[in-house]
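What follows is one structure encoded as structure tokens, with my remarks underneath.
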Amino acid sequence: MKPADYESLTAAQAIAYQQELRLQVKIETLDKPIRIIAGADISFNKFEETVYAGIVLFKYPQMEVIGHASAVSSTKFPYISGLLAFREVPALLDAWNKLEIKPDLMVLDGQGIAHERRLGIATHFGLITDVPTIGSAKSRLRGKYEEPANELFAQSRMYDRDEVIGIALRSKKNCNPIFISPGHRVSMAQSVEIIKNCIRGYRIPEPTRQAHILVNQIRVEHKDKSQLSIFGITL
DNA sequence: GCGACAG
DNA sequence: ATCTTGTCGC
């Protein structure tokens with residue numbers, strides 16, 4: 001199954017595919033050094049099928065931006081909780097293929113294994129590109145956890161039954177926690193350490209924060225361009 | 001049946 | 001996710 005064919009899947013088929021992919025997920029220690037890290041995100045206008053995907057590259061752990069790539073794509077797959085990857089991965093893959101340099105690890109906006117079938121978007125993307133990934137979500141999808149103390153980097157485990165599927169991390173004091181989980185080919189402990197190293201005074205870690213800024217401005221520019229054409233203005 | 005529900 | 005001004009708290 002190719003990401004380009006996700007559009008034709010029904011929700012039931014998508015779930016069945018996740019059950020297949022689940023068997024290939026590797027949550028293990030990454031022993032290769034991380035020199036380049038990337039952040040990825042998607043933006044779109046409500047009610048429209050166009051999606052804007054972007055990936056930003058950073059030197060790690062300095063976190064200096066060293067490059068980026070983006071792609072404008074289209075999808076008919078609706079947003080369904082638990083099936084986010086089928087809507088966003090195809091566009092992200094387009095941006096990924098345009099990348100001059102491939103990162104050693106990528107941070108995605110969403111869950112890794114902190115998912116009902118352990119197949120959040122970060123896990124899904126890592127699996128099909130064979131790149132180590134980490135999921136950094138702004139809200140919880142799955143798992144019970146206790147509120148982390150209101151101190152920088154306070155954390156608490158997220159449980160699904162007896163399994164630890166993620167960590168609720170206070171990335172900034174007086175802000176709600178973010179939810180970290182390994183996506184593919186990295187461990188839980190590494191995932192949290194790496195994300196902590198990516199925090200630069202904001203609640204959202206730099207990789208996804210910068211990727212979000214990138215795709216948002218691309219979307220707005222694209223919107224301005226289509227608005228101008230309505231008025232018959234050409235540039 | 002009811003509540004929950006990444007982006 | 002996106003639409004949006006002010007506003008309350010650290």
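We use all heavy atoms of the structure for the numbers below, so side chains are in, but hydrogens, waters and symmetry mates are not.
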Distance check needed: dA6(B) P versus L83(A) CG, whole Å only. 12 Å
Are M63(A) and L169(A) connected, step by step, through hydrophobic side chains (Ile, Leu, Val, Met, Phe, Trp, Tyr) whose heavy atoms are closer than 4.5 Å? yes
Check the distance between dG7(B)'s P and I204(A)'s CD1 and give it to me in whole angstrom. 9 Å
Residues F77(A), Y6(A); criterion ring-ring contact (aromatic ring centres under 6.0 Å, His included); working and verdict: CA-CA 8 Å; F77(A) 202 97; Y6(A) 289 175; 7.9 Å; no
Residue list, ring-ring contact (aromatic ring centres under 6.0 Å, His included) with Y17(A), at least two apart or on another chain: none
Are K76(A) and E49(A) within salt-bridge range, i.e. N to O under 4.0 Å? yes
In whole angstroms, how far is the P atom of dC5(B) from the CD1 atom of I15(A)? 17 Å
Transitive ILVMFWY side-chain link I121(A) to F179(A), under 4.5 Å: no
OP1, OP2 of dG7(B) versus side-chain N and O of H115(A): anything below 4.0 Å? no
May I ask whether I213(A) and V220(A) are part of the same hydrophobic cluster, defined by side-chain heavy atoms of I, L, V, M, F, W, Y residues being less than 4.5 angstrom apart, directly or through others? no
Look at R142(A) and dA6(B) and indicate whether a side-chain polar atom (N or O) is within less than 4.0 Å of OP1 or OP2. no
Stems with DNA chain C, 3 or more Watson-Crick or G-U pairs in a row (under 3.5 Å), are none
Distance, rounded to the nearest Å, where L119(A) contributes CG and dA6(B) contributes P: 16 Å
Send over the distance from N176(A) CG to dG9(C) C1', rounded to a whole Å. 14 Å
Closest approach of R140(A) to M158(A) (non-hydrogen atoms, all atoms of both residues): CG-CE, 4.0 Å
Closer than 4.0 Å, any side-chain N/O of N216(A) to the OP1 or OP2 of dT2(C)? yes
Please figure out whether K138(A) or N174(A) has its closest DNA chain C nucleotide nearer the 5' end. K138(A)
Hey, are N176(A) and R203(A) close enough side-chain-wise for a donor-acceptor pair under 3.5 Å? no
dC3(C), dA6(B), dC5(B): which one has an atom nearest the side-chain heavy atoms of L84(A)? dA6(B)
Would you kindly give the CZ-to-C1' distance between F179(A) and dA6(B), to the nearest whole Å? 11 Å
Can you measure I42(A) atom CD1 to dA1(C) atom P for me and round it to whole angstrom units? 12 Å
Under 4.0 angstrom, heavy atoms only, what part of the nucleic acid is H212(A) near: base, sugar-phosphate, or nothing? sugar-phosphate
Ignoring backbone atoms, establish whether R117(A) has a side-chain N or O less than 4.0 Å from OP1 or OP2 of dA6(B). no
So if I take every side-chain heavy atom of F44(A) and compare against dA6(B), dT2(C), dA1(C), which nucleotide ends up nearest? dA1(C)
Under 4.0 Å, counting only non-hydrogen atoms across every strand here, what does G82(A) touch: a base, just sugar-phosphate, or nothing? base
So, S43(A) versus N216(A): side-chain donor-acceptor pair below 3.5 Å or not? yes
Rounded off to whole Å, could you give me the OH-to-P distance for the Y52(A) and dT2(C) pair? 11 Å
For dA1(C), is there a stacking contact with Y79(A), counting only centres under 5.5 Å and planes under 30°? no
Please determine if a side-chain N or O atom of S81(A) lies less than 4.0 Å away from the OP1 or OP2 oxygen of dA4(B). no
Involving DNA chain B, stems made of at least three consecutive Watson-Crick or G-U pairs, both distances under 3.5 Å: none
Hydrophobic clustering (ILVMFWY, side-chain heavy atoms < 4.5 Å, transitive) - are L108(A) and Y202(A) grouped together? no
